[in-house]
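One structure is given below, encoded as structure tokens.
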Amino acid sequence: DAGVIQSPRHEVTEMGQEVTLRCKPISGHDYLFWYRQTMMRGLELLIYFNNNVPIDDSGMPEDRFSAKMPNASFSTLKIQPSEPRDSAVYFCASSPGADRNYGYTFGSGTRLTVV
Amino acid sequence: QKEVEQDPGPLSVPEGAIVSLNCTYSNSAFQYFMWYRQYSRKGPELLMYTYSSGNKEDGRFTAQVDKSSKYISLFIRDSQPSDSATYLCAMRRTGGFKTIFGAGTRLFVKA
């Protein structure tokens, strides 16, 4: 298994541009999570999906952020328009289920820099 | 007050030392407790998990949970330079699937 795959690994964009981050979870994992990591705030949960349905998006900072999961093998996190304060490492993680204490498998992250 | 508090360090120890990493939390509903290890430029990876109170051992690693004190610990015996990483505690409540992470403690093990 290739694990959770994220693309791109690095993204540099200008303020005001649209940014799309992509994630392919592990096959068979029913849960998908988007986290953001910064030095100041650590790992913050943005949104998570169960069976492709968004369950909790209370961590999405504002309307500029949106996430979709059109099928079990693909999810996107979009920022439009991007701002310098969005600069962070964005992680996608997946997990097989909630009925036992399964941990998360994280991708390698997308390092976003907004200039 | 944050739900999960963790000293960011850095913590520097000589090779072979016993390392103690700790977190405190405020939400008594947390039942699942985890430790993740994160190497530089990588995603976190699950290291240990425990349910409710008690100890769990896996090789050189021991996780402890004291729910009465709302305090969890990770001990690393015979630490190695390859243990140098950031260690994040994480926890969530029963019936929920939202995991809250600590800030992470940076550990350096010197050869």
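Here is how names work: the chains are called A, B, and so on, in the same order as the sequence lines, proteins then strands, and each is numbered from 1.
Taking each heavy atom of Pro44(B) and Leu43(A) in turn, the nearest pair found is CG-CD1, 4.0 Å.
With Tyr36(B) contributing its side chain and Tyr104(A) its backbone, the two residues share a donor-acceptor pair below 3.5 Å.
In the hydrophobic clustering of ILVMFWY residues, with side-chain heavy atoms under 4.5 Å counting as a link, Phe30(B) and Val65(B) come out together. Leu32(A) and Met34(B) fall into different hydrophobic clusters, where Ile, Leu, Val, Met, Phe, Trp and Tyr are joined by side-chain heavy atoms under 4.5 Å apart, directly or via other members. Connection of Val13(B) to Ile76(B) is established within a shared hydrophobic cluster, with ILVMFWY side chains joined at heavy-atom distances below 4.5 Å, either directly or through further cluster members. Residues Leu112(A) and Val89(A) do not share a hydrophobic cluster, defined by chaining ILVMFWY side chains whose heavy atoms lie under 4.5 Å apart. Under a hydrophobic-cluster definition in which Ile, Leu, Val, Met, Phe, Trp and Tyr are linked whenever side-chain heavy atoms come within less than 4.5 Å, directly or via other members, Phe33(B) and Met48(B) are assigned to the same cluster.
In this structure, CZ on Phe106(A) lies 11.0 Å from CD on Glu45(B), to the nearest 0.5 angstrom. To the nearest 0.5 Å, atom CG of residue Leu45(A) and atom CZ of residue Arg92(B) are 12.0 Å apart.
Contact check for Gln38(B) versus Phe91(A): side-chain heavy atoms found under the 4.5 Å cut-off.
When each of Arg9(A), Arg41(A), Gln37(A), Met39(A) is checked for heavy-atom pairs under 4.5 Å with chain B, Gln37(A) comes out on top.
Atom NZ of Lys68(A) is surrounded by 12 or fewer heavy atoms from other residues, nucleotides or ligands within 6.0 Å. Annotation: Lys67(B), atom NZ; neighbour count of heavy atoms from other residues, nucleotides and ligands within 6.0 Å is above 12.
Of all residues in residues 52-65 of chain A, those placing a non-hydrogen atom less than 4.5 angstrom from a non-hydrogen atom of chain B are Asp56(A), Ser58(A). Against chain A, the residues from residues 99-107 of chain B that qualify, each with a non-hydrogen atom under 4.5 angstrom away, are Thr99(B), Phe101(B) in number order. Heavy-atom proximity under 4.5 angstrom to chain B picks out nothing from residues 12-25 of chain A.
Heavy atoms of Gln6(B) lying under 4.5 Å from chain A are absent altogether.
In the hydrophobic clustering, Tyr39(B) connects to no other residue, as no ILVMFWY side-chain heavy atoms lie under 4.5 Å from its own.
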